[in-house]
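Within every chain, numbering begins at 1; the chains are lettered A, B, ... in the order of the sequence lines, protein sequences first and strands thereafter. It should be emphasised that the depicted structure is a prediction, and the values quoted were computed from it without experimental measurement.
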Protein chains: 2
Amino acid sequence: MSRKRASVRREEILAATIEEIESSGLRTLRVADVARRLGLSPSLVIYHFVTKEALVAAAFAHAGENDLYRARRIAATGRSAREKLDEVIAWYMPTGSTRSWKIWIDGWSAGLFDAELRATFAALDKEWKAILASLIDAGREAGEFTQGADSAQTIATRILAYLDGLAIQAMFHTDAVTRELMIEWVSAFVAHELEPPS
Amino acid sequence: MSRKRASVRREEILAATIEEIESSGLRTLRVADVARRLGLSPSLVIYHFVTKEALVAAAFAHAGENDLYRARRIAATGRSAREKLDEVIAWYMPTGSTRSWKIWIDGWSAGLFDAELRATFAALDKEWKAILASLIDAGREAGEFTQGADSAQTIATRILAYLDGLAIQAMFHTDAVTRELMIEWVSAFVAHELEPPS
DNA sequence: GTTTTAACTGAACCGTGATTCAGTAGTGGT
DNA sequence: ACCACTACTGAATCACGGTTCAGTTAAAAC
């Protein structure tokens, strides 16, 4: 069987772990399932990650970093702040491959009682806010957005909160909250936050 | 040992289950912990609820109904729609005894892969929306709120989404989002939804 | 081409925790 | 006071799944 360098195999295992959480949930996640998905032995997974808990933590961090990477690339584009903000927000919403949201709801739940996971999520969230805040500041300087009373950081927090909440609604009431509606509502929210009627 | 009627004991067990989930989380919940909390044997818990899964489902439904009951009582008060709406919203937010939110994040997570739980949450959410929508309609008829383009139901959905999202932020970033800030932000959100600048 | 390293496996171990079951004893009804 | 009912327990069962460990072999190093 094809042997691979540790770094490569670890990435594979992390990806498989996320897929498994995505499709079956964290509560029923078995090391053996992750292994089978790659045609490997459970022992190997432990060999690389020592414990299941560490595997899960690494998998969430990995998935989060991937999403952030993509978001940063969008933000580095040469378009208007508003366009970039819209696209970053669209990417944050459910649908993107890794951004399937189920894993994040599972992650929050686990994070409630796992300090390491909680720290991971806090760090990821901070990065997302930084990206949004930076786009907001850029837009303000370019005159695309008005200079409101609240800091870009604060507005970023609110936007992310709204996105999280809508994602949950969409997750549980597919009928009541479609992706189209979400986009429309978020768009209005952002407009109200950044472009008060003059 | 004090023996009780089944209905009484069941209530006790449900309450203890919620407390246990609240303090230690759903993933590590053991039937034995719930039992110990009441000084009972694990067998009794199973005797009353047949399986752990059923116990958890019943506990969430029970907690949800309790919260709704309180919300309905607030809504039945004889004050202005706006005042009642504010208080219902305040009750929905983290801090209320049962409304400690940790359990709901755990619940969402479990609901992702458990059809029965998902149905329970859907039903509870529907009730919350109905309460809010009814207050919104009442306020509109009384002329407290303006008649916007969106239905009361739709606005209720958005408000609840924002509340859920803010609750998550508050849960994970206690420093960045305090309860006071949440109240302020939600208040502004509601005002914008119901009282557009005339 | 040999040696060394490190990826990898299979079988066994082991703790955990839900559920079962046979029996015990309050309690309400008569 | 007795009966019937049902709340309740303790010990045993049983499956499950993470982790360990002793060994195997591909591949890198020289």
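- Comparing atom distances between the Ser43(A) side chain and each of dT9(D), dT19(C), dC21(D) picks out dC21(D) as nearest.
- Of the inter-residue distances, the one linking His62(A) atom NE2 with Asn66(A) atom CG reads 4.5 Å to the nearest 0.5 angstrom.
- In this structure, Arg118(A) forms no cation-pi arrangement with Phe172(B), as its terminal cationic atom is not both closer than 6.0 Å to the ring centre and no more than 45° off the ring axis.
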Report all interatomic pairs (protein N or O, nucleotide N or O of nucleotides 22-25 of chain C) with separations under 3.5 Å.
from	atom 1	to	atom 2	distance (Å)
dA25(C)	N3	Arg3(B)	NH1	3.3
dA25(C)	N3	Arg3(B)	NH2	3.2

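- If you measure from atom CD1 of Ile13(A) to atom P of dA7(C), you get 11 Å, rounded to the nearest angstrom.
- Within residues 109-118 of chain B, no residue has any heavy atom under 4.0 Å from DNA chain C.
- Following rounding to the nearest Å, Leu38(A) (CG) and dT9(C) (P) show an atom-to-atom distance of 10 Å.
- Rounded to whole angstrom, the span from the CG atom of Leu55(A) across to the P atom of dG18(D) amounts to 10 Å.
- In this structure, the CZ atom of Arg9(A) is 11 Å from the P atom of dA7(C), given to the nearest Å.
- Applying the 4.0 Å criterion to OP1 and OP2 of dC8(C), one finds that His48(A) has a side-chain N or O inside that range.
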Under-3.5 Å N/O pairs linking protein and nucleotides 15-17 of chain D:
from	atom 1	to	atom 2	distance (Å)
dG17(D)	OP2	Arg30(A)	NH1	2.9

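- Put simply, CD on Glu19(A) and CZ on Arg37(A) are 5.0 Å apart, with the number rounded to the nearest 0.5 Å.
- Residue Arg5(A) is out of contact with every strand shown, counting any heavy-atom pair closer than 4.0 Å.
- Salt bridge present: Glu12(B) and Arg9(B) bring a charged side-chain N and a carboxylate O closer than 4.0 Å.
- Annotation: the span from Leu85(B) atom CG to Ser187(B) atom OG amounts to 9.5 Å, rounded to 0.5 Å.
- Dashed line: the shortest gap from a side-chain N or O of Tyr47(A) to OP1 or OP2 of dA7(C) is under 4.0 Å.
- Asp86(A) and Arg82(A) are joined by a salt bridge, as a carboxylate oxygen and a charged side-chain nitrogen come within less than 4.0 angstrom of each other.
- At least one side-chain heavy atom of Trp185(A) sits less than 4.5 Å from a side-chain heavy atom of Leu181(A).
- For Ser41(B), whose side chain is taken as the heavy atoms from C-beta onward, the closest listed nucleotide among dT9(D), dA7(D), dT9(C) is dT9(D).
- If you measure from atom CG of Leu26(A) to atom C1' of dG18(D), you get 15 Å, rounded to the nearest angstrom.
- Rounded to whole Å, the distance from CZ on Arg36(B) to C1' on dA18(C) is 15 Å.
- Distance Phe49(A) CZ to dG18(D) C1': 16 Å, rounded to the nearest Å.
- Counting to the nearest Å, the C1' atom of dC21(D) and the CG atom of Leu44(A) are 15 Å from each other.
- Trp108(A) has its side chain within reach of Asp164(A): a pair of non-hydrogen atoms, C-beta onward, lies under 4.5 Å apart.
- Side-chain contact between Glu65(A) and Leu68(A): present, with at least one pair of heavy atoms (C-beta onward) separated by less than 4.5 Å.
- More than 12 heavy atoms of other residues, nucleotides or ligands sit less than 6.0 Å from atom CZ of Arg79(B).
- Stacking of Arg27(B) on the aromatic ring of Phe113(A) is not recorded, the 6.0 Å distance cut-off and the 45° axial limit not both being met.
- Outside the 6.0 Å centre-distance limit, the rings of Trp128(B) and Phe121(B) are not counted as a close aromatic pair.
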